[in-house]
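Letters A, B, ... mirror the listed sequences (proteins, then strands); counts begin at 1.
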Amino acid sequence: MSRRLALNRPGKTNAIPMAIDRYNHREAEARWQKVWDERGIFVTPNKDLGRKYYVLEMFPYPSGRIHMGHVRNYTMGDVVARVKRALGFSVLHPMGWDAFGMPAENAAMERKVHPKIWTYENIAAMKAQLKSMGLSLDWSREIATCDPAYYKHQQKMFLDFLRAGMVERRQSAVNWDPVDQTVLANEQVIDGRGWRSGAVVEQRELTQWFFKITAFAQPLLDALDGLDRWPEKVRLMQKNWIGRSEGLSIRFALDQGMTSNGESEVKIFTTRPDTLFGAKFVAVAPDHPLAAAAAAKNEKLAAFIAECRHRGTAQAEIETAEKLGFDTGIKALHPFDPAWKLPVYVANFILMEYGTGAIFGCPAHDQRDLDFVNKYRLGNIPVVCPPDVDPKTFVVTDTAYDGDGRMINSRFLDGMTTAEAKEEVARRLEKTYLSPRAGRGRAPERSEGDRVTGTARESGRASTPPHPSPLPASGEREPVAQRQVNFRLRDWGISRQRYWGCPIPVVHCEVCGVVPVPEKDLPVTLPEDVTFDRPGNPLDRHPTWKRVACPQCGRPATRETDTMDTFVDSSWYFIRFTDPWTKTTPTDPAMVDAWMPVDQYIGGIEHAILHLLYSRFFTRAMKKTGHVGLDEPFAGLFTQGMVVHETYRNKKTDEWISPAEFQGIAAKPEVTDLGSGSILKLEDIEVGPVEKMSKSKRNTVDPDDIIAEYGADVARWFMLSDSPPERDVIWTEEGVKGAYRFAQRIWRLVQQAAPHLPLPGSSLALPVEQAGVTALRMQTHQALAGVTNEIERLKFNTAIAKIYTFVNILSEVVDDPNRNLTKDSGYAAAAREGFDILIQLISPMMPHLAEECWAALGHDSLVAQTPWPAVEPALLIEDTVTLPVQINGKKRADVTVSRNSVAADVETAVLALDAVKRALAGRPPKKVIIVPQRIVNVVA
RNA sequence: GCCCGUGUGGCGGAACUGGUAGACGCGCACGACUCAAAAUCGUGUUCCGAAAGGAGUGUGGGUUCGAUUCCCUCCACGGGCACCA
């Protein structure tokens with residue numbers, strides 16, 4: 001298989017004509033994978049852990065094939081795992097499958113293949129692909145979330161959470177496709193229409209299950225500060241997502257003559273009570289009870305509310321839609337002036353989920369409100385004057401001012417700062433009570449079973465679950481306003497009207513209501529005889545599955561047919577990995593203690609909020625129910641960037657062209673027949689922007705093809721070498737080829753050097769004082785220290801740059817005509833050390849090639865089982881330092897001084913430099929700044 | 001719309017805490033080897049300029065002896081937005 005190449009090195013005295021093998025990755029990679037596998041060196045038993053290290057990459061959805069994003073993710077994790085193993089840690093590095101989810105059902109509909117069969121075939125295919133990557137995974141711990149042996153425990157925990165009061169059932173809106181009569185995911189709603197039927201989507205209320213994550217809003221927020229090995233941006237995103245805001249809830253009395261059912265008040269939430277005198281309107285959500293009440297006697301309003309429901313539930317869609325409102329005719333009375341009446345609108349941008357589902361609009365100081373009043377011609381009054389602006393001339397037209405300033409047009413608040421005004425309004429309204437006339441009657445409070453957001457009080461109970469504040473019983477006095485902490489975070493709706501997910505283990509009985517499935521009956525497994533010939537949930541229409549006897553009374557009852565959100569599956573898999581073998585309990589708490597937390601978690605930035613926040617919540621819920629002993633599952637987090645690629649488009653047909661096709665055309669620029677009879681020339685192709693690899697743009701590269709052509713090591717190397725790991729990496733053919741050449745170069749160098757190196761182990765007896773020898777050893781140890789440090793910081797690209805530099809040095813060593821390895825035994829011993837360390841440095845990234853080189857260098861051991869080399873600190877210290885010398889901040893010269901020079905010596909040396917003398921022209925310098933070991937700046 | 005990032009040669013990028021901008025790689029050019037090509041090796045490669053020198057890290061401003069790094073403004077591109085995973 002391998003070609004023999006004669007390598008001639010003219011002009012080099014030590015050019016030894018020798019036969020050099022080309023590295024054959026196809027043969028070598030399979031061979032070393034077999035060796036690792038047979039010796040089981042990556043299996044980590046649950047005993048004698050010593051120092052532990054848990055490195056985990058986000059497990060994949062088994063879509064059928066791995067993509068380059070996986071290659072990047074798993075390579076990074078594997079480098080960490082291999083280095084930590086070499087450093088003596090017991091390393092937990094498992095892999096599994098996030099195996100429930102919609103694509104399996106789509107495949108069932110499109111290709112008539114059962115989700116289970118489709119999923120397990122995909123798992124088999126992807127596992128083979130992962131194995132071909134040479135990852136140091138402990139496959140003995142493999143789990144698939146669709147396995148009843150896994151979801152059984154999830155059902156058990158659902159019941160535990162239910163018992164602990166952390167689960168709730170309530171109404172919530174879903175995307176409803178009125179033609180297909182089915183619930184749609186947000187991604188199945190395209191431009192407000194169902195992806196298959198094309199029908200306009202509506203919101204429909206269903207009773208669904210919720211995990212009460214809002215009860216943990218405050219602890220989840222507080223603990224972010226302690227996650228010091230998480231990217232700052234992820235912590236910030238989570239903080240904003242939780243969205244704690246302090247404000248005031250204010251009851252606005254309603255003008256009695258105007259309401260239809262005698263509603264007496266509307267409660268709003270605001271973070272800007274200071275702007276109360278700038279109020280121009282009150283707006284409520286379309287599903288606010290007051291809106292419904294008003295609509296009952298107003299057909300046009302009812303039509304408007306119905307219109308608001310004709311859209312999906314996605315936030316982005318709601319907020320980018322045109323801001324629309326409808327005047328209910330109801331008037332609200334200003335809390336400081338009952339004679340001041342504000343119109344009450346129903347507005348499509350007010351969310352029932354947030355705050356109280358009602359706001360007051362202050363257009364001058366909120367852009368959304370301003371857009372609204374400008375549309376409905378309600379005008380605005382500025383009440384906060386920006387600093388350095390004359391209050392007399394300050395007007396707002398198109399741009400709201402949302403900053404701080406001095407209060408104007410605000411009666412008793414005038415002249416106060418924003419903060420003072422907030423406080424003053426709160427203080428006054430807390431002590432005010434609605435007049436008895438306005439305080440009677442049914443208030444537009446939430447109805448039973450309505451969802452609740454975090455509305456904990458300021459009184460230190462902010463972390464307790466929020467409660468809807470029921471109307472005070474008659475006689476009880478509630479002030480007009482109360483200080484309130486509000487969270488943007490909503491409870492986690494986990495119900496999915498789908499088949500391929502973990503069944504929710506409850507039974508609905510007409511007599512007993514909702515009854516948990518007894519634990520002895522777990523797992524509730526999915527029936528296999530289901531059909532996907534029509535839309536809707538196959539569990540719901542299955543002839544027998546849902547019919548069961550009530551566990552309590554024995555009467556005929558029905559199973560819950562909703563399954564769990566797949567985010568539930570992925571919220572605890574990392575804990576299950578610590579002991580995936582326990583059959584009776586979700587975890588073995590002793591093993592959780594031993595392995596958790598995950599020391600380094602690696603995955604895509606797209607999971608920055610949902611998956612990570614849910615997992616943080618779930619871990620806390622598991623702690624509360626006794627399954628784990630810790631709060632935070634991930635001590636270290638790293639979010640990698642995407643793999644992107646150029647796009648290619650056929651200008652004539654407007655079709656996308658794959659990179660492989662483009663390469664073919666570029667190689668044969670004249671004409672290329674794509675097989676379909678169409679002939680394409682290079683100039684017919686437009687090279688488009690670099691974008692995330694996607695099937696729709698056809699700009700994907702198949703890892704299988706790359707591994708077959710260049711080898712897993714090359715794919716791994718390129719994934720790490722070209723870009724900082726947190727940023728996107730552009731996949732280029734040139735880059736891969738460069739990595740391939742590098743692999744060959746290493747192999748060539750090792751073969752050239754190996755015959756001339758002393759036996760392994762002899763580097764210990766190095767003559768330290770020999771000049772050239774010490775220089776080489778210093779370069780070796782600097783490379784070792786540098787690369788090790790960069791890997792620990794996960795800066796793989798700079799680690800690789802340092803390896804390149806070191807290889808360039810070793811190339812010179814091999815080729816150096818004056819330093820013949822065959823004759824200078826001390827130098828040869830230093831070279832032996834250099835090569836051994838080089839191979840160890842590349843081994844985490846290119847493990848197969850490293851084993852091959854390690855053997856070629858005469859070692860009997862596996863490099864994968866060799867301890868990481870130790871740096872000799874003495875070899876890192878240079879005797880002299882070269883400092884750049886700046887004159888007025890521009891570099892003009894260098895000065896080399898002894899490492900121990902004091903500032904005065906450095907100054908003398910610097911002032912003696914020609915460039916400095918010229919610049920000073922005889923005058924003394926104004927200033928000389930000396931930063932030790934760094935730089936000198938002379939201010940002339 | 002809201003939240004979060006990113007922006008440095010022809011390209012990917014480097015520059016630890018404010019201290020030599022462009023490490024390392026790709027590409028390109030020239031040279032060596034070759035009948036030739038590939039592979040390999042060597043030299044060069046931010047821009048302007050013959051040179052001296054000057055300019056330069058998306059834009060415009062600020063702080064500093066010194067700014068890719070800190071602050072403000074604007075522009076461009078990307079990620080997330082709760083039923084994709």
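Note: A/Phe574 and A/His611 have perpendicular aromatic rings, judged against thresholds of 30 and 60 degrees for the angle between ring planes. By the 30° and 60° cut-offs, the orientation of the rings of A/Tyr74 relative to A/His70 is parallel.
The distance from atom CZ of A/Phe617 to atom C1' of B/A82 is 14 Å, rounded to the nearest whole Å. Look at CZ on A/Phe211: it is 13 Å from P on B/C83, rounded to the nearest Å. Rounded to an integer number of Å, the gap from CD of A/Gln203 to P of B/C83 is 13 Å.
Side chain A/Glu646 to base B/C11: no donor-acceptor pair is found below 3.5 Å.
The side chain of A/Asn937 lies closest to B/G66, out of B/G66, B/A85, B/C83. When the nucleotides B/A82, B/C83, B/A14 are ranked by their closest atom to the side chain of A/Leu610, B/A82 comes out on top. Distances were taken from every side-chain heavy atom of A/Arg748 (C-beta onward) to each of B/U40, B/G5, B/A82; the shortest belongs to B/U40. With distances taken from any side-chain atom of A/Arg727 to the nucleotides B/C81, B/G7, B/C83, the minimum falls on B/G7.
At a threshold of 4.0 Å, the pair A/Asp491-A/Arg170 counts as salt-bridged, since one of the basic side-chain nitrogens sits closer than that to a carboxylate oxygen. In summary, A/Arg196 and A/Glu110 engage in a salt bridge, as defined by a charged side-chain N under 4.0 Å from a carboxylate O.
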Within the sub-3.5 Å range, which N or O atoms of nucleotides 22-26 of chain B have a protein N or O partner, and how far apart are they?
from: B/G25; atom 1: OP1; to: A/Asn808; atom 2: ND2; distance (Å): 3.3

Sort me out a list of protein N/O and nucleotides 52-58 of chain B N/O pairs below 3.5 Å, or just none if empty.
from: B/G54; atom 1: OP2; to: A/Arg892; atom 2: NH1; distance (Å): 3.3

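When the C1' atom is compared between B/U73 and B/C26, the two are found 36 Å apart, to the nearest whole Å.
Dashed line: the shortest gap from a side-chain N or O of A/Arg368 to OP1 or OP2 of B/C2 is not under 4.0 Å.
The local environment of NZ in A/Lys926 is sparse, with at most 12 non-hydrogen atoms from other residues, nucleotides or ligands closer than 6.0 Å.
Each of A/Glu726 and A/Glu187 lies near RNA chain B, and the nucleotide nearest A/Glu726 is the one positioned closer to the 5' end. Each of A/Asn240 and A/Asn888 was assigned the nucleotide of RNA chain B with the nearest heavy atom; the assignment lying further toward the 5' end belongs to A/Asn240.
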In B/S/- notation (B base, S sugar-phosphate only, - none; protein heavy atoms under 4.0 Å), nucleotides 72-79 of chain B written 5' to 3' is -------B

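Annotated as anti: B/G66, whose O4'-C1'-N torsion sits more than 90° from 0.
Test A/Gln751, A/Arg745, A/Gln744, A/Arg748 against A/Tyr23 for side chain to side chain contact (heavy atoms under 4.5 Å, CB included) and you get one pass: A/Gln744.
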